[in-house]
Amino acid sequence: MSDAKERVYSATYTRVARVGLDKTTLDDVAKEAEISRATLYRMFPGGREQILRETIGAEMDRFFISLANAIADASDIETCLERGLIFARKSLLEHAVLQKILTTEPEALLPIITIEQHRIVGEIAQYLVPLISAEKDRLRSDLDPARAAEFLARMVLSIIASPGRWDLSDPQAVHALVGEELLAGILQPRS
Amino acid sequence: MALTFAPEKDQVRADLELPVIDGTNDGIKERALIATCECIARLGFAKTTLDDVARAAQCSRATLYRYFPSKAEMVRDAVRAEVMRITRAIHFAAQEQDSLEDTVVAVLLAAGREIGEHPALRYVANFESERLLPHLAFTGGDRFLSRAAKIITPCLEPYLGDKSNRAAEWIARNGLTLWLTPTDAGALTDPVALRAYVREFVLPAFTSEVKKSKIQNPNGRL
């Protein structure tokens with residue numbers, strides 16, 4: 001990603017944090033990033049809409065990169081998922097800008113998150129494939145790691161955003177969720 | 001086949017906080033709720049007015065106002081009536097089955113069909129997703145899962161007993177993600193792919209529970 005684009009994302013994020021999504025205009029972003037309107041349009045032919053979508057996408061990437069870093073040294077897939085879920089849920093609840101926009105402008109934010117989510121599912125799945133493959137002797141015999149990774153990525157995203165009955169601040173609950181539900185179809189049952 | 005899991009109609013109503021439609025309105029309320037769905041399917045949520053609904057329901061605006069003080073309340077009641085109808089379709093599909101696997105597949109297929117082919121929902125999902133997503137994502141997702149689990153739970157009780165609600169939420173979550181993020185691995189509209197997906201990823205989460213607790217279904221097989 002170019003530095004200029006990075007600067008636009010950071011400027012947009014600053015504006016959104018201050019005034020919200022709807023009130024963030026292209027002029028605001030131009031002023032905040034100290035880039036002319038014309039240059040902005042050259043960089044983002046889709047204008048304001050593209051800038052907002054890419055900024056949210058970049059913030060989601062940042063979120064999941066920090067998640068990947070937090071679990072980088074996990075020794076097995078269980079530890080990776082358990083620590084990842086706990087860390088991600090905590091970060092999500094502590095993400096002040098996200099929580100604010102979810103309360104004040106969900107109708108503006110959620111369609112963009114949903115579009116970006118398709119890409120994020122693919123990226124999480126790619127991250128998970130080698131972690132699943134590394135468990136080779138413990139996997140169900142006919143398991144396709146790519147298919148399993150895609151399933152896990154979708155479920156993990158869903159659980160982080162909407163944990164439902166699960167309390168993700170409780171390590172024992174997360175242990176049960178990972179062992180009994182998420183990995184039940186992926187690892188061989190323990191004898 | 002005698003199955004005991006079909007809940008009493010009124011119980012479902014109470015569980016889902018559905019409106020009780022009384023018999024004194026000559027069917028105008030029902031007609032208006034159906035007309036609301038028709039109008040949303042045609043015009044979208046934002047553009048549908050009480051006038052449109054009155055015309056489609058062939059009643060006067062004044063009559064409509066007697067039952068629904070506002071568009072918001074009319075739409076809310078229409079949604080509740082549709083949830084009720086979809087619940088019945090899911091329970092009916094489950095009643096026809098006699099194994100846990102068939103039941104899970106039937107529940108997901110029925111839900112996928114009812115939701116995916118719902119004309120009004122389809123319009124809103126395609127063109128006004130900002131109206132729909134707050135009910136499906138983040139805390140809206142928690143509410144959706146809890147309600148969907150309530151609907152699915154009775155279908156599982158013959159096989160899973162008191163583990164049914166937890167399994168129901170797991171099934172609902174799988175259904176929700178397959179609906180929102182369709183994939184090659186499983187789609188709610190393809191019975192063969194869906195069955196493979198259910199066998200591989202959905203059932204293992206609770207079939208060990210069945211063996212452990214030795215809960216038998218009425219036909220004695222899993």
Side-chain angles (χ1 to χ4, degrees), chain A residues 21-22 92-93 95 98-99 101-103 105-115 117-122 124-125 140 142-144 146-166 176-191, chain B residues 45-46 124-150 153 163 165-186 193 196-209 211-212:
Chain A
L21 279 167
D22 283 344
L92 187 122
L93 291 175
H95 196 300
L98 171 69
Q99 294 301 334
I101 307 283
L102 275 178
T103 313
E105 301 174 284
E107 68 295 332
L109 178 65
L110 294 174
I112 305 179
I113 287 192
T114 307
I115 293 168
Q117 191 160 293
H118 289 265
R119 182 176 59 80
I120 301 273
V121 164
I124 297 179
R140 280 185 188 258
D142 52 349
L143 188 89
D144 171 1
R147 188 173 146 85
E150 198 277 339
F151 155 79
L152 268 187
R154 250 182 319 106
M155 298 313 277
V156 161
L157 263 189
S158 160
I159 291 166
I160 295 170
S162 311
R165 66 188 300 121
W166 298 99
L177 165 65
V178 168
E180 294 163 22
E181 293 195 351
L182 288 174
L183 293 176
I186 291 169
L187 299 181
Q188 289 167 16
R190 292 239 165 106
S191 47
Chain B
F45 175 88
V124 176
N126 285 338
F127 303 111
E128 301 177 300
S129 69
E130 72 281 359
R131 298 269 175 198
L132 186 61
L133 291 170
H135 303 286
L136 301 175
F138 295 93
T139 50
D142 289 322
R143 288 193 303 274
F144 177 91
L145 288 176
S146 152
R147 295 183 111 200
K150 254 185 195 168
T153 298
K163 300 287 193 287
N165 191 257
R166 175 173 163 181
E169 191 189 278
W170 173 245
I171 293 166
R173 187 185 294 285
N174 274 278
L176 179 60
T177 69
L178 287 176
W179 178 34
L180 294 181
T181 325
T183 101
D184 302 339
Y197 177 91
V198 163
R199 251 185 221 166
E200 196 172 0
F201 297 119
V202 182
L203 287 177
F206 46 81
T207 40
S208 63
E209 292 292 344
K211 281 169 211 146
K212 245 186 275 170

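Chain identifiers are assigned alphabetically (A, B, ...) following the order of the sequence lines, protein sequences preceding nucleic acid strands; residue numbering begins at 1 within each chain.
With a 4.5 Å cut-off on non-hydrogen atoms, B/E200 touches chain A through its backbone and its side chain both. Using a 4.5 Å cut-off between heavy atoms, B/L176 does not touch chain A at all. Looking at B/T177, the atoms closer than 4.5 Å to chain A (heavy atoms on both sides) sit in the backbone and in the side chain alike.
In this structure, the side chains of A/W166 and B/R166 come closer than 4.5 Å at one or more pairs of heavy atoms. You'll find the side chain of A/R154 reaches within 4.5 Å of the side chain of B/L178, heavy atoms only. Counting heavy atoms from C-beta outward, A/P111 and B/L133 have side chains that approach closer than 4.5 Å.
The candidate from A/I160, A/I159, A/L152 with the greatest count of non-hydrogen atom pairs under 4.5 Å with chain B is A/I159. Ranked by heavy-atom pairs under 4.5 Å with chain B, the list A/A146, A/A161, A/G179, A/A148 is led by A/A161. Contact count against chain B (heavy-atom pairs under 4.5 Å) is highest for A/L102 among A/L102, A/V121, A/L143, A/I113.
Atom CG of B/N174 is separated from atom CE of A/M155 by 3.5 Å, given to the nearest 0.5 angstrom. Considering OG1 of A/T114 and CG of B/L132, their distance stands at 9.5 Å, rounded to 0.5 Å. For the atom pair A/L110 CG and B/R131 CZ, the distance stands at 13.5 Å (nearest 0.5 Å).
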Checklist line | Step-by-step salt bridge (charged side-chain N to carboxylate O under 4.0 Å, His left out) determination, B/K163 to A/E180 | finding: CA-CA 13 Å; B/K163 300 287 193 287; A/E180 294 163 22; over 6 Å; no
Item checked: Verdict with reasoning, A/H118 to B/T181, per side chain to side chain contact (heavy atoms under 4.5 Å, CB included) -> CA-CA 7 Å; A/H118 289 265; B/T181 325; 3.9 Å; yes
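Panel note: side chain A/S162, backbone B/T139; no donor-acceptor pair is recorded below 3.5 Å. At least one donor-acceptor pair under 3.5 Å links the side chain of B/E169 to the backbone N or O of A/R165.
Relative ring orientation between A/F151 and B/F201 is described as parallel, the plane-to-plane angle staying below 30° on a 0-90° scale split at 30° and 60°.
If you check the side chains of B/R173 and A/S158, you find a donor sitting under 3.5 Å from an acceptor.
Minimum heavy-atom separation, A/E181 to B/W170: OE1-CE3, 3.1 Å.
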